[in-house]
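Naming: A, B, ... by sequence-line order, numbering from 1 per chain.
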4 protein chains.
Amino acid sequence: MVRKRLRKQQIMQAAIEVFGKSSYHEANISEIARKAGIAEGTIYQYFKSKQDLFFSIGLERTKDFCKQIDLNLEGVTGTSSKIRKLVWYYLFYFKTNPDYVRSLMLEMRVSRDFVKSSPHKSFKAFSKQVLQILKEGQEDGLIRNDVDLYLAQHLLLGTLEHVVTRWLLKGEKYDLLKYHDQVSELVLNGICSEKKPL
Amino acid sequence: MVRKRLRKQQIMQAAIEVFGKSSYHEANISEIARKAGIAEGTIYQYFKSKQDLFFSIGLERTKDFCKQIDLNLEGVTGTSSKIRKLVWYYLFYFKTNPDYVRSLMLEMRVSRDFVKSSPHKSFKAFSKQVLQILKEGQEDGLIRNDVDLYLAQHLLLGTLEHVVTRWLLKGEKYDLLKYHDQVSELVLNGICSEKKPL
Amino acid sequence: MVRKRLRKQQIMQAAIEVFGKSSYHEANISEIARKAGIAEGTIYQYFKSKQDLFFSIGLERTKDFCKQIDLNLEGVTGTSSKIRKLVWYYLFYFKTNPDYVRSLMLEMRVSRDFVKSSPHKSFKAFSKQVLQILKEGQEDGLIRNDVDLYLAQHLLLGTLEHVVTRWLLKGEKYDLLKYHDQVSELVLNGICSEKKPL
Amino acid sequence: MVRKRLRKQQIMQAAIEVFGKSSYHEANISEIARKAGIAEGTIYQYFKSKQDLFFSIGLERTKDFCKQIDLNLEGVTGTSSKIRKLVWYYLFYFKTNPDYVRSLMLEMRVSRDFVKSSPHKSFKAFSKQVLQILKEGQEDGLIRNDVDLYLAQHLLLGTLEHVVTRWLLKGEKYDLLKYHDQVSELVLNGICSEKKPL
DNA sequence: CATGAATGAGGTTTCATTCAT
DNA sequence: AATGAATGAAACCTCATTCAT
């Protein structure tokens, strides 16, 4: 029982590393098996297929991410504080899980099968969470009423994704958390400020 | 030889269609050849490899995109007008080139080899253009001095990419241009408004 | 131990069902184990290998078949009555054991290893039985002296096998016993009639 | 054009040999390729899959067999002569094509996918041919009216298949044609003689 | 220039069998 | 005796690329 769980974790850990440094197609089951210290066939007792393994990682990690976000937001009051915390945690999580995140950001999220997959559902749960925060912000009067909340979400998540993606593609050479404060600032400004006549 | 140029275009057009509806790995040289009405071997007289063909499309289209942006921005004065125009054209271009854009957004931009590739350089040229606009905006006093222009760029391009990516993954069912005005608004607000004490 | 015997039967019964609905190669040990309600490894305590299990079924059932034939022929007098009874019982047995028979007729009997196997020996015992009946028929004057008894056997068994095989391949949709009388008739005619100048 | 045809034949010939000495599952594509003196991949330019290759052989050979039967029966008059000729040619063909026939008799004919396959259709054409001969025989008064022609077919084809199958399983050690005359005799007797009161 | 037949490495996956518990 | 997790060999098939015509 517990042994099976451990073995599954062991395989997923190896897979995260391998998928992290090569693309899905470049990665081999044989390398994952070698890294996990088991036989290739063993992987197929725990996962239906290579893609199943790939998406299982996405599912598990995205769930974990959501749970951590929840924990981190607990007790935080005020929309702006919530968003600041969310930005910080988002960057922090990706900073500390670069292997996983490389797969998620650069491949999984973008795969045509992803939208039909279970990790995608988990990912959507996160989106909803964000939307909920924004909604509360609008009800509190922090966010202007004329702001389309879906666009606000695009602004927030798009900026974060862009920051993370560039960081990844540039080789993770700088500290991802460095700008967390300014990112929050900009995003909050975008959705909260008085509309200026431009 | 003009003939050579035409043949190259013919292959690229077929490739855009094939890469547009399947992922890079799912797409076959044989299908591209069939669609172009030529033999598989012929492709290798115009392109070094499958990846070369893939990136060549990216290069050509990104160059074209930059040229069009230039043309569109010519004569436009004022940072905010420039940004509005840029947002509009960005969405317009992607709306009218969904096949190409699916490859670019969902795969090319995210490929590990992309940063070393020529389309990436072209893409960086576009980034520079954007940065230049933002810089002018800061010199004009429109954009606050305390705004990191690289972050402003993340905000602008990240939001646009996010909007476009979701549109693609959702099956291009709505009009991508619908929100162009509000997107501009939000982004401009983010980088131009007085810093509010939050 | 009677327990051992029972367990063996339990495995064989499950195997008959599984081999009956899939071919030898399509059938899995794992499915047989599942159907028998035991672990895969357990099978290997009762059978040396998959093929051993497969042939063991053949052996057991063919033995059973021979025994039943013996019982059925007991007290039957006259070659022609014996053959009629044999034909009837042959068709009856196969009608009532379609799963087993599908394996036997369509795969086992035809396997390259079959001739070296134990069920084959059992099968040969049945052949001998048939030959004995035919021999008696010739001694009684029922069967012409110029008939090669081995050919007569081919005629009898070939016809029966053909009838059964077609029935199986056509999905067992009609009553296999329907024609038993006419089959006997034809076969008996073939081997018993006066030689006609044709 | 002609080259392609030759290459296809070359592959089929190698496949016949390999399938002839091993069962379908034991045979490897790699061995067929080696025997044909080509690369494995080449086979897949001519055949969709291993099974396609397997059945293609069946189709081609069965067609050939039917054509030859036709040619051989041309000009032969009288049902009994036709049947004699058919028996002779059946045994002759199988004697001279033992590799192919081993596959056909021992595996193909008996495969669950065979009934849905194209060689099966060709095989049925042969059956029809036989039935037609029998029908004419009944109209001519040679075959008794009370004989079910389908059973007569079972008698004829079943006997032939049995003779051939035993010959194969015994290692093709004797001359398959040896008994052709007696086989015809027995079968004709079965279906043509006056019904004897038994 | 164009062709398209041939290549062949390489990957995923299956499954009978083993063996430590 | 029973288990069932682990094995690992082996096989089919794909497809980008080459090269003789």
For atom NZ of C:Lys124, is the number of surrounding heavy atoms from other residues, nucleotides or ligands below 6.0 Å larger than 12?
no

Quick check on B:Lys21: does its NZ atom have over 12 non-hydrogen neighbours (other residues, nucleotides or ligands) under 6.0 Å away?
yes

How long is the line joining [atom1] of [X] and [atom2] of [N], in whole Å?
| X | N | atom1 | atom2 | result |
| --- | --- | --- | --- | --- |
| C:Lys50 | E:dC15 | NZ | P | 8 Å |
| A:Arg7 | F:dG4 | CZ | C1' | 13 Å |
| C:Ile32 | F:dG4 | CD1 | C1' | 16 Å |
| A:Leu6 | F:dA6 | CG | C1' | 16 Å |
| A:Ile29 | E:dT14 | CD1 | P | 11 Å |
| C:Tyr46 | F:dT3 | OH | C1' | 12 Å |
| A:Lys48 | E:dT12 | NZ | P | 17 Å |
| A:Tyr44 | E:dG11 | OH | P | 12 Å |

Just N and O in the side chain of A:Arg3: are any of them under 4.0 Å from OP1 or OP2 of F:dG4?
no

Do any side-chain nitrogens or oxygens of B:Ser30 fall under 4.0 Å of OP1 or OP2 in F:dC15?
no

Can you tell me the pairing partner of F:dA1 across any strand shown, Watson-Crick or G-U wobble, with both distances under 3.5 angstrom?
none

Applying the Watson-Crick and G-U wobble criteria at under 3.5 Å, what pairs with E:dT17? Answer none if nothing qualifies.
F:dA6

Atom C1', compared across F:dT21 and E:dC1: separation rounded to whole Å
13 Å

Looking only at the side chains, is there a donor atom on one of C:Ser23 and D:Tyr24 sitting less than 3.5 Å from an acceptor on the other?
no

Residue pair C:His25/A:His25 against DNA chain E: nearer the 5' end by closest nucleotide is A:His25

With nearest nucleotides of DNA chain E determined for C:Gln45 and B:Lys4 from heavy-atom distances, which residue corresponds to the more 5′ nucleotide?
B:Lys4

Does the cation-pi check pass for C:Lys116 over C:Phe55, that is, NZ or CZ under 6.0 Å from the six-membered ring centre and within 45° of its axis?
no

May I ask you to establish whether D:Lys8 and D:Phe47 are in a cation-pi arrangement, using a distance under 6.0 Å from NZ or CZ to the six-membered ring centre and at most 45° from the ring axis?
yes

Considering every strand and a 4.0 Å limit on heavy-atom distances, what is the contact class for A:Ala27: base, sugar-phosphate, or nothing?
sugar-phosphate

Test for a donor-acceptor pair under 3.5 Å between the base of F:dC13 and the side chain of D:Glu40, counting only N and O atoms.
yes

How do B:Tyr24 and A:Ile38 order along DNA chain F: which one's closest nucleotide is nearer the 5' end?
A:Ile38

